[in-house]
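The figures that follow rest on heavy atoms only: side chains count, while hydrogens, waters and symmetry mates do not.
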Amino acid sequence: MSGSSAVSCSAPCRFAHYFVICGIDTETGLEPDDLAGRNSQNYKTRENFEQSPLKRTFKSKVLAHYPENVIGNPFDQDAVNMLCMPKGLSFRTQADQRQPQFHSFIITKEDGSRTYGFVHTFYEEVTSPQICSAMQTLYQMHNAEHASDNPPSSSSSSSMDSLASSLDEVDSPTSSSSLSSCRAAGSYDTSRDTLYVSKALCLITPMPFMHACRRFLSQLHKAVTAATAPPLPLESYIHNILYEVPLPAPGRSLKFHSVYEPIVCQRPGLGELPLADFPLAEAFSLLGVENLVQVFTCTLLEMQILLYSQDYQRLMTVAEGITTLLFPFQWQHVYVPILPASLLHFLDAPVPYLMGLQSKEGTDRSKLELPQEANLCFVDIDNHYIELPEDFPQFPNKTEFIQELSEVLLSFGISANGGAPSRTRNSPGSTPSTPSRECKTVTLWQLEDDGRNGNLAGEELSVLELLQGNTTLERLQALTKRTGVTVAHVDALRAGIKAQRAEGHGGRTVAEEEELRHAKLNVQLREVFASRFTAMFADYEAFVIQSAPDLESWLTNREQMHNFDKASFLSDQPEPYLPFLSHFIETQMFATFIDNKIMSQWEEKEPLLHVFDARIDKARLYNVRAPSLRSSNYQRCSNLKECAQAIEQRLMKINHTAIHPHLLDMKIGQGKYMQGSFPKLQADVLNTGPASNKWSHRMTTTPRKKDRHRQQTEHLNLENDLKEKYMQEARSLGKNIRQPKLSDLSPAVIAQTNWKFVEGLLKECRLKTKRMLVEKMGREAVELGHGEANITGLEENTLIASLCDLLERIWSHGLQVKQGKSALWSHLLHYQAREENLEQQQAESPGNTHKSWSLMHISECVNISIILSLFRHIQSMSEIKTDVGRARAWIRLSLEKKLLSQHLKQLLSRQTLTKKLYKRYAFLRCEEEKEQFLFHLLSLNAVDYFCFTSVFTTIMIPYRVVIIPIKKLSNAMTTSNPWVCVSGELGDSGIMQIPKNVLEMTFDCQNLGKLTTVQLGHDNAGLLAKWLVDCVMVRNEITGHTYRFPCGRWLGKGVDDGSLERVLIGELVVPSGEEESGRGWRTPPLQRSPTQTRRIKPTSAQIQEAIGEAVNSIIKHFHKPEKERGSLTILLCGENSLVAALEQFFYHGFKSARLFQKTMFVWDFVEKAVAYMESADQMGDLQETTEHLGMSCQSLYRYVSAINSTPRNIGKDGKFQLLVCLGARDRLLPQWLPLLVECPVILQMYEDTALLRDRTPVHALIAVLETLHDFPITLESSLVKGIDL
């Protein structure tokens, strides 16, 4: 077997794929790195030569990498160089701090697979005279220019260089100031100063064995700086880890040897949580438990997450920690934990991302200019605080969840009270009040002194050292013990020291003990997170829709298929979980999770899904049935000890020891040792693996491995043809652009990337509007009697919030200059200023009034006027505090008014303004895509949304009321004093007097929601008191919604039923423009008030059918989620309501028309029946009736008497309506019916064919009404006002 073939065959099984050295290329010399020299506070191009030469950044290069290439993981030189040294080369002199630094990075490939890099950066003396001479020349030029342009004192502007990183290694204020003054006093001189330059050693591995790689690189560097040469040439150790150290098998541990000490690592088994070696304890300590849970929630909801720190390793630790905790889900979008300076334009990406941005010492958060912040979670790691987006749902059982995590941390001696309180966008300031220097001091003190890492406090430790080192004090202590006095505090300190020493022994080094501790803490914290998802999604499989017969047809129709029954899933969840879950099931990571579940029926299960399903099966085994899983009660994780013991057992018992490093076949003179300088390694021995390696041969020729490799190849062949074509397209944009290409940063590639963003935004808009439209129309079809509902109000609100987020991302793409938190609101402000200036100029210019305007121009002016009036109203809403909130309110209001597409089209019609605000590649400047985007939004006009009315419930809204009398049959005016009360789902206006002879009035009132009823009445004063009203119109002056409340009856004594007030039920009026186009689609109208036209005599079958439908509607009402039910008054008193149906039943066969006598009403029959029963009771005729019937009689007396004694003049039909409503509420209607049917009065007032005299329909009616007893019927105050029962 040749060397090269050995490399390729064993590559998938090797611990490390590449060893890389990055640093200065002495042949090309010093090359300024303009990209790395950018400032993260203003990532526009900045001149690198403004800084002193020692502070500038210069281009680094990959000096060597071994081997040349690995099949399946080709070496990306540009990407590795950029991530090994994100800020380029850094120079130091002997006066500067030169501690080595460690950081890691990750490269995500297009298929989502990841490669990990671990970097040890140190400073090496520059031995090239040309480099030293060039640096001195640069310094002399800089000093000369600086002295001529600025005062001498300003040369000491910066005391920290561009590579200052870890807080633990920041200089004290005194040393920092002394270095600064020293640097200010002179400049670099080759005869006086020693020049050092940064160099990076890097291991690239397929799995994140961070601790092992860190220790290996650290020992390798130590071998270079040590006074004595290492036992073997460095090539031996590097060759060993590249070719002779295998990956640990799943569920096994591995020991391999570095320069000085052996290194142990372990890999979880197939049924355990996947490997995660980054210390979660550090992430929790940096942010605090609550803040980390909030960032974790933002990540689950796929918001834009920006991590901010001076230290690269902190960025990686927090990013990897958060994504590790997502199990069983995976982040599907752009993931760049360390964002190189050359890729800062990627912060402009209009997609969800998780990125890490390096900060500089002393920079202010308020000066950090970010392209978009509307949906951004900003995490300032060094200052321990976060900023959250608005409208942020909390993680379920958050308080109990944080408590459990805190207990796990405390069990390892780590305080849970890290971090500062999180901030939302509502907070006025965004900079921490504590200076960064002070923050760092406090943090270091806490880490060293408060026992969070198991350390003794400094003062206590010094006391113990004093006691142990002083013979006199020890003698005194012994004396006190003999006298029976114990010094408990000192004994406790000694016991703690002994315990720590005992724990540190047991055959393990201190470093190994610390790694074991971190591994056990990591897995316990991750298990707590995993158990939450196991509890929340225990029954997710029941809602997965698997309708495709095979994989190919499923992939082909992926975009058109619904894979998960979201509405049923949400209806099955506890109420407190819904705000979070309704957002989460709309994310790409959840969609991918469900896709993997569906595909698992045709191919091997995805590993994370396999582990998760096994956990659910285990939970069902222990919990027999799901009530405990499905309730909102918090369930603590029950397997913390077992998972920690599994790791400890693997590390205690090493399963495999790799081949020891050994001498290689090197030429004489190779591997020469030179202290302090990393040698030039011999490529001929490092580029080829061992020709005969038993381990390599065994690992690559195992039949099982061959079969797995063959299956994987076949699987990839299928996916190249189908999955890539359909699956990737069916998923969101972020899946396609998971990682920016680091290897090619040409303008063409950047333009292509931005074009992908534009295409992705358009596709996302199409999918969102289609989903909103189809789901909404599906619900309306249900209300019309077709199919089943598949969307809830909560889900609808989630979709609209998602649309608001999409519009913000579209308006943030390609901004020239960011102004404010919301790009859309900023654009609206510019538009308002421009239009107001134009109006002012037109008003001031002479002769404008004589110009003839075209119809199109007039229409445009009307549109502008509507936009500006709506915009000003949003500005005047004091309830909204932020620009992001105002933009979302504007979107919701425009959508509710069905003007969103029209308004945005008008906004974008000002092309001069758009060009001024946006770059050429911006989505809003791509004409064809912009037109399609507006067309998709226009389709939303086909349905009715109340997304503004239902969300902003506390704002004041102006309403206009118009009363329309029937002029032909009545006076248009009345001499009485009329009044009106408007009620909606959120409240009522209260009784308002209408000025005499006025039929129109306006009033301001807190948002009433969707309007349901109007109470209209008068006091019957004057000669012309009778009033025949056709209808009442009420208009919401903000949303433009107009409601019609039909009446068609008299109000007045001695006419009709004698009513002086009526309760009218409303219907939403459709604008005239929608009558024709939207008749087939529009939202069904609300029920309206019953009018006298209902007196048309229907057949007995129609009456019984109407009663059944009315009762069925009420039952359906109560089976909806509470927030979706709407007004019950409409179902009780509307046109096709329970009251209307019972009136038809009672009027069937009723002798109402009497010759030369007044018209009789059903209420007259009820009063006569009650009067007869009262008189019969007084004469003793009812004494022999059953006790139950007697109680029913008493209740009927009491209710009729209460209704008759009310001060309200609601008329006879109004009284019957009230009796039915009260009877339904108190479950008395089925008891009263037999009393009325058996009363002899019925013979006088009803014909023989009346339904009320037929026992069969009466018994059927009683049975139907009894079905309402299972539901708690509540009545609006407008119905029961003045009734005391």
Smallest heavy-atom separation, L325 atom then F533 atom, equals O-CE1, 4.0 Å
Any Lys/Arg nitrogen of R267 or E272 sitting under 4.0 Å from an Asp/Glu carboxylate oxygen of the other?
-> no
Heavy-atom nearest pair, R526 first then A276, reads NH1-CB, 3.4 Å
Are Q645 and Q649 close enough, and set up right, to give a side-chain hydrogen bond (donor to acceptor under 3.5 Å, both in side chains), and what steps lead you there?
-> CA-CA 6 Å; Q645 287 171 357; Q649 288 171 3; 5.1 Å; no
Could you walk me through whether F102 and H120 pass ring pair (Phe, Tyr, Trp, His ring centres under 6.0 Å), step by step?
-> CA-CA 5 Å; F102 174 83; H120 183 91; 7.4 Å; no
Salt bridge E320-R114, side-chain N to carboxylate O under 4.0 Å | yes
Point-to-point distance, once rounded to the nearest 0.5 Å, from CG of L608 to NE2 of H610 | 11.0 Å
Output the distance between atom CZ (F105) and atom NE2 (H103), rounded to the nearest 0.5 Å.
-> 6.5 Å
What do you reckon, are the aromatic ring centroids of F593 and F537 less than 6.0 Å apart?
-> no
Trace of the side chain to side chain contact (heavy atoms under 4.5 Å, CB included) decision for I322 with W331 = CA-CA 10 Å; I322 291 170; W331 180 254; over 6 Å; no
Go through F209 and F15 one step at a time and tell me if the ring pair (Phe, Tyr, Trp, His ring centres under 6.0 Å) criterion holds.
-> CA-CA 9 Å; F209 291 105; F15 181 89; 5.3 Å; yes
What do the steps show when you test F584 against F329 for ring pair (Phe, Tyr, Trp, His ring centres under 6.0 Å), and what is the final call?
-> CA-CA 11 Å; F584 178 66; F329 308 103; 4.9 Å; yes
Has the side chain of E282 got a donor or acceptor atom that lies under 3.5 Å from a matching backbone atom of T317?
-> no
To the nearest 0.5 angstrom, please state how far the CG atom of D277 sits from the CZ atom of R214.
-> 11.0 Å
Without hydrogens or angle criteria, can the side chains of Q294 and E290 be said to hold a donor-acceptor pair below 3.5 Å?
-> no
Quick one: sort the F401 and F296 rings into parallel, tilted or perpendicular, breaks at 30° and 60°.
-> tilted
Audit row: M536, L581, side chain to side chain contact (heavy atoms under 4.5 Å, CB included) steps and yes/no | CA-CA 9 Å; M536 280 192 285; L581 287 176; 4.3 Å; yes
One should read off an interatomic distance between L307 CG and D382 CG, to the nearest 0.5 angstrom, of 11.0 Å
Can E302 and H333 be counted as having a side-chain donor-acceptor contact under 3.5 angstrom?
-> yes
State, to 0.1 Å, how close Y116 and M207 come at their nearest heavy-atom pair, and which atoms those are.
-> CD1-C, 3.9 Å
So, N383 side chain and Y385 main chain: donor-acceptor pair closer than 3.5 Å or not?
-> no
For I654 and V264, what are the C-alpha separation, side-chain angles and deciding distance, and is it a side chain to side chain contact (heavy atoms under 4.5 Å, CB included)?
-> CA-CA 8 Å; I654 305 301; V264 177; 3.5 Å; yes
Side-chain ion pair, E400 and R636, N-O less than 4.0 Å = no
Where the side chain of Q310 meets the backbone of S359, is there a donor-acceptor pair that is under 3.5 Å apart?
-> no
Non-hydrogen atoms of L273 and P268 that approach each other most closely | O-CB, 3.2 Å
Using distance alone, with no hydrogens and no angle criterion, decide if S309 and Q358 have a side-chain donor and acceptor under 3.5 Å apart.
-> no
Drop me the distance from L326's CG to M589's CE, to the nearest 0.5 angstrom.
-> 5.0 Å
From the list L405, L280, L640, side-chain contact (heavy atoms from CB on, under 4.5 Å) with Q524 holds only for L640
For the residue pair C213 and L203, what are the closest heavy atoms and their distance?
-> SG-CD1, 4.1 Å
Test log, rule side chain to side chain contact (heavy atoms under 4.5 Å, CB included), inputs Q330 and E606 = CA-CA 12 Å; Q330 293 175 288; E606 194 268 337; 3.5 Å; yes
Sub-4.5 Å side-chain heavy-atom contact between R252 and R650 = no
Using a strict cut-off of less than 4.0 Å between a Lys/Arg side-chain nitrogen and an Asp/Glu carboxylate oxygen, indicate whether E527 and R615 qualify as a salt bridge.
-> yes
Check the pair F118, F216 against ring pair (Phe, Tyr, Trp, His ring centres under 6.0 Å), reporting the backbone distance first and the verdict last.
-> CA-CA 10 Å; F118 303 97; F216 177 83; over 10 Å; no
Is a donor on one side and an acceptor on the other found under 3.5 Å between the side chain of H384 and the backbone of D380?
-> no
On a heavy-atom basis, the closest approach of A644 and K520 is O-CG, 4.0 Å
Taking atom CD of E404 and atom CZ of F529, what is their separation to the nearest 0.5 Å?
-> 10.0 Å
pair V379-I381: side-chain heavy atoms closer than 4.5 Å | yes
